[in-house]
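This report concerns only the one structure given below.
If you're wondering where the values come from, they're calculated on a predicted model, not measured in any experiment. Hydrogens, waters and symmetry mates play no part in the numbers below; they use all other heavy atoms, side chains included.
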Amino acid sequence: MRIALRIRKPTSHAEARSLAYGLARRGVIVLGWLLLGLWAAAAHAVVSYSAQPTTFNWISAATQAPVPWSNGAACSPGTADGSYPDDDITAPISLGFTFTFRGTGYTQVQVMANGRLQFNNGYCYYGTPYPTLPNPNLVNTLIPFGIDFDPGNPGSSGTTACDPNANPACAVLYGRGGTAPNRYFVVTWENVPEWNAPGSYYNVQAILYENGTFAFQYGANSNNPQNGLPTVGWEIDSSSNYYSYPYAAPGSLQNTAILFTSNLLDHFAITAPAYGSTCPTSAVQVGITAEDALNNALGTYTGLVTITVSSGSGNATLAANRANGTLTFLGYDPNTGYPQWSYQFVATDAGSIILNMSDNSAETVNLTVSDFGTGISNTSGNTTFRRGSLVVANAPGEIPVPVAGRPQKMTVTLYNGCNVATGFNSAKQKMTVWLTLDPSQPVGAALPGVTGNDGNPKIVSPLPTSRPGWNIRLAFIRGVADFTLNASDVGKYLLNWCQGNGSTCGSVPITVVPFGLAVVVPGNRFGQDSTCPAFAKAGANFGATVSAYLWNAAQDANNDGVPDPGTNITGNPVLTHFSWPVTLAAASPFVPSGGTLGTLANGSVSVVNGSGTVNNLQYSEVGSLTIAATAANYLNTPGLNATGSSALDSSPDCNGNVNGYVGRFTPAWFALQPGASLTNRQAAACSPASSFSYMGEGMGLSFTLSAQNTASQTTQNYTGAFAKLNPALASSFAFGAKAERPISPGA
């Protein structure tokens with residue numbers, strides 16, 4: 001049940017005393033503030049901005065100007081209360097730039113006395129009670145500190161207005177700063193008191209940045225004499241797009257700052273194995289990826305999250321595995337007793353981390369991840385920890401990541417606590433094997449199968465996606481059984497094994513990558529040699545197609561899952577279920593040897609159904625290069641990249657050299673640098689020198705040429721054999737004669 005409490009601001013001191021006495025007798029004031037505080041802390045929905053702590057950097061108000069109160073004239077009809085500038089609002093003030101608030105550009109804003117900035121919204125009214133969100137009156141509003149401020153002159157309203165004796169420098173001010181495109185607009189509530197709260201004062205700033213972010217800052221403030229919890233947040237609409245920032249008390253905000261950035265976070269994808277061992281040294285891996293609404297990893301996510309493990313025993317623990325940020329144990333939730341951690345994502349996480357989870361108690365747990373800035377929260381599937389367990393892993397010496405089309409040797413090991421059950425031997429142990437598909441599993445991708453190892457090896461293909469009855473036998477020797485995973489397609493899933501239909505189980509996360517990503521460039525001359533024909537000008541557009549291919553044993557002589565050097569894999573089947581962003585970049589080897597590796601622009605390729613094409617690649621240098629292809633954090637598996645290059649389309653150049661170079665690139669043009677000079681009649685001792693030369697007389701020309709790309713940047717590799725222009729030969733420049741005027745016949 002939701003209880004709404006509305007308190008009208010009294011219009012006189014006597015009325016204020018009477019109302020306070022009446023409410024206090026009924027115990028309403030305390031209850032009202034409590035409910036409002038809880039709503040403010042809990043309110044969140046599908047939000048457009050994410051909040052995160054940022055560096056406190058108070059902007060001096062010395063050069064800021066007092067805001068121009070409107071004395072109610074700018075208030076929406078029916079919302080002016082007649083007490084000015086208490087509860088007043090300004091006419092629209094120019095920002096000095098366009099501030100985009102959830103897709104709408106604003107060049108003006110109205111400052112409301114009670115700690116708000118409003119866009120195309122003149123709602124005023126009383127500041128009591130503190131506003132709660134959502135509120136249909138506060139659409140398109142920023143609320144750095146929604147409290148009943150009283151910035152009026154002494155005696156104009158209330159009992160605590162901006163009295164210079166009680167509150168020196170009390171004012172609401174605004175200013176501008178920065179240069180395009182990094183301008184900002186700031187509003188400062190400086191030493192402003194709360195209405196009817198003697199001795200109170202607050203220092204609050206709201207800063208709007210030209211790039212669309214905004215920040216709230218909190219300087220010194222009083223200890224909140226009215227014991228309310230003012231609203232901090234924003235509202236775009238009152239149905240779903242609003243946010244109240246959670247905080248413990250106004251004093252906890254002192255000397256802190258909050259930055260709000262455009263939020264793309266929709267959910268967290270959490271991968272956790274279904275089974276684990278209670279052995280402390282046998283932690284299971286948990287993957288956490290921040291994703292948008294289309295299930296794409298947010299590579300720029302740098303939010304602060306809270307992680308809770310539903311351990312009834314309290315013995316579950318987390319440790320960083322592949323995570324570059326800070327993981328901090330927070331203690332135990334006072335309501336549930338569950339252990340909690342915070343984790344600060346950093347840019348190098350690329351929005352995805354792996355943690356180790358262990359639990360020395362036999363129990364079933366899950367893991368909940370909550371974004372501190374938006375309240376977005378998701379929970380993993382269950383992980384069951386048992387003393388008797390199976391550990392599923394790659395066989396000794398096997399490659400770490402399965403490749404589509406290549407048989408992967410694996411093992412199942414029976415553990416009793418932390419020890420391998422070496423006494424367990426069985427020629428035909430009944431087993432159950434199945435898959436748990438990850439949310440990132442490509443739709444329609446072929447599911448893998450497994451081949452057993454008993455006397456009559458059974459193949460289960462495709463594997464079921466829910467636990468069946470026992471469906472295969474394995475031969476265990478000293479607690480270990482081997483098997484083969486046969487993955488004919490890319491994919492991501494948990495591979496689960498149990499002894500028969502029992503509870504001794506284990507699982508392992510599997511991500512299957514392509515054999516390689518081949519980069520094919522139409523018209524490429526494979527110019528390893530400087531004598532080969534030119535392909536394109538440095539900096540000019542050219543195209544390329546990236547495709548993902550299936551493994552071929554004939555192209556992998558050492559069976560390491562990597563194409564052999566000089567192999568052309570473009571004749572292999574295309575993995576049509578590979579759909580992932582790929583980045584192309586300039587890479588070694590390149591020519592000229594010992595030269596400068598240039599940069600490759602516009603290398604982002606959207607690969608869908610196995611292939612993707614880009615038509616505006618630009619290489620900045622002269623010579624030839626290898627183009628590397630990387631699908632980072634493939635299928636949202638942190639640190640796992642699917643890779644390839646133009647070398648996987650190896651063809652001979654003009655001299656029969658087999659390579660994967662793309663080129664040869666030549667200068668786009670030559671630029672004549674300032675300072676060129678012409679010396680005439682060098683053989684004649686004339687003073688002053690003549691401005692012309694007769695035919696047959698010496699003439700000197702001095703100049704500097706730069707070989708440049710299409711961006712007018714000097715290329716560093718136009719040298720040696722790759723420099724085709726010989727400046728010592730006049731014929732290189734195609735000089736010719738030009739008549740100043742027509743020459744008469746016979747002249």
Side-chain angles (χ1 to χ4, degrees), residues 33 37 40-41 49-64 67 111 113-117 127 130-131 142-151 160 162 166-178 182 184-195 197-209 213-234 243-261 302-306 325-326 328 330 342-346 371-374:
W33 294 148
Y49 293 88
S50 178
Q52 57 187 309
T54 191
T55 302
F56 175 75
N57 187 17
W58 190 260
I59 298 174
S60 172
T63 60
Q64 297 175 26
V67 298
V111 179
N114 293 323
R116 307 197 298 263
L117 275 66
Y130 304 150
L142 303 181
I143 310 176
F145 204 66
I147 196 172
D148 193 5
F149 283 132
D150 187 358
T160 56
C162 270
N167 300 293
C170 175
V172 182
L173 309 154
Y174 77 100
R176 305 178 183 88
N182 299 306
Y184 66 84
F185 178 87
V186 58
V187 178
T188 303
W189 283 261
E190 185 175 45
N191 292 316
V192 178
E194 186 177 0
W195 182 87
S200 67
Y201 61 90
Y202 296 89
N203 289 277
V204 177
Q205 280 188 335
I207 311 163
L208 311 186
Y209 295 101
T213 64
F214 55 95
F216 301 155
Q217 295 201 117
Y218 305 92
N221 56 53
S222 66
N223 194 25
N224 194 226
Q226 300 209 128
N227 296 316
L229 193 61
T231 299
V232 173
W234 51 266
Y243 176 67
S244 288
Y245 185 83
Y247 64 99
S252 67
L253 294 175
Q254 187 164 291
N255 298 323
T256 68
I258 309 165
L259 178 67
F260 294 84
T261 58
T302 55
L304 177 68
V305 300
T306 301
T326 302
T328 304
L330 301 178
S342 69
Y343 180 77
Q344 177 63 64
F345 276 82
V346 295
D371 177 76
F372 178 78
T374 63

Original post:
Who pairs with Ala61 by side chain to side chain contact (heavy atoms under 4.5 Å, CB included), at least two apart in sequence or on another chain?
Top reply: Gln64, Leu173, Thr188, Glu190

Original post:
Tyr174: what forms a side chain to side chain contact (heavy atoms under 4.5 Å, CB included) with it, not counting sequence neighbours?
Top reply: Ala65, Val67, Pro68, Ile93, Arg176, Phe185, Val187

Original post:
Can you find a pair of side-chain heavy atoms, one from Ile147 and one from Val204, that are under 4.5 Å apart?
Top reply: no

Original post:
Just by modelled atom types, is the Tyr218 backbone N or O under 3.5 Å from a matching donor or acceptor in the Gln205 side chain?
Top reply: no

Original post:
Hey, are the side chains of Tyr247 and Pro230 touching, using non-hydrogen atoms and a 4.5 Å cut-off?
Top reply: yes

Original post:
For the atom pair CG (Asn114) and CH2 (Trp195), what is the distance rounded to the nearest 0.5 Å?
Top reply: 11.5 Å

**OP:** Please list, chain by chain and in numerical order, all residues satisfying side chain to side chain contact (heavy atoms under 4.5 Å, CB included) with Ala113, sequence neighbours excluded.
**Re:** Trp69, Pro151

Original post:
How far apart are the closest heavy atoms of Phe260 and Ala51, and which atoms are they?
Top reply: CE2-CB, 3.6 Å

**OP:** Could you tell me whether a side-chain N or O of Gln217 sits under 3.5 Å from a main-chain N or O of Asn57, the two making a donor and an acceptor?
**Re:** yes

**OP:** Search all heavy atoms of Leu117 against all heavy atoms of Ala206 and return the closest pair with its distance.
**Re:** CD1-CB, 4.0 Å

**OP:** Flag the pair Pro144 / Val232 as yes when at least one side-chain heavy-atom distance between them is below 4.5 Å, and no otherwise.
**Re:** no

Subject >> Side chain proximity check, Tyr202 to Val192, heavy atoms < 4.5 angstrom >> reply: no

Subject >> Test ring-ring contact (aromatic ring centres under 6.0 Å, His included) applied to Tyr343 - qualifying residues, sequence neighbours left out >> reply: Phe345

Original post:
Taking Asn203 for the side chain and Ala220 for the main chain, is one N or O donor matched with an acceptor at less than 3.5 Å?
Top reply: yes

Subject >> Heavy-atom closest contact (Ser50 atom, Asp371 atom, distance) >> reply: OG-OD2, 4.0 Å

Subject >> Where Pro250 and Phe145 come nearest, the two heavy atoms and their spacing >> reply: CB-CZ, 4.1 Å

**OP:** Sequence neighbours left out, what passes ring-ring contact (aromatic ring centres under 6.0 Å, His included) with Tyr184? Give chain and number order.
**Re:** none

Original post:
Once the angle between the rings of Tyr243 and Trp234 is folded into 0 to 90°, is it parallel (under 30°), tilted (30 to 60°) or perpendicular (over 60°)?
Top reply: tilted

Original post:
Listed by chain and number, what are the side-chain hydrogen bond (donor to acceptor under 3.5 Å, both in side chains) partners of Thr302, not counting sequence neighbours?
Top reply: none

Original post:
Does the side chain of Tyr209 come within less than 4.5 Å of Asn182's, by heavy atoms?
Top reply: no

**OP:** For Gly251 and Asn221, work out which heavy atoms get closest and say how close.
**Re:** CA-OD1, 4.2 Å

Subject >> Evaluation steps, side chain to side chain contact (heavy atoms under 4.5 Å, CB included), between Trp189 and Val172 >> reply: CA-CA 5 Å; Trp189 283 261; Val172 182; 3.6 Å; yes

**OP:** Give the minimum heavy-atom separation between Leu259 and Ala215, together with the two atoms involved.
**Re:** CD1-CB, 4.2 Å

Original post:
Between Tyr245 and Phe372, is a ring pair (Phe, Tyr, Trp, His ring centres under 6.0 Å) present by the stated rule, with each step listed?
Top reply: CA-CA 9 Å; Tyr245 185 83; Phe372 178 78; 5.8 Å; yes

Subject >> Exam field: side chain Asp150 to backbone Glu194, donor-acceptor pair closer than 3.5 Å >> reply: no

Original post:
About how many Å separate CD1 of Ile258 and CD of Gln52, when rounded to the nearest 0.5 Å?
Top reply: 11.0 Å

Original post:
Residues in side chain to side chain contact (heavy atoms under 4.5 Å, CB included) with Ser342, at least two apart?
Top reply: Leu304, Thr328, Leu330

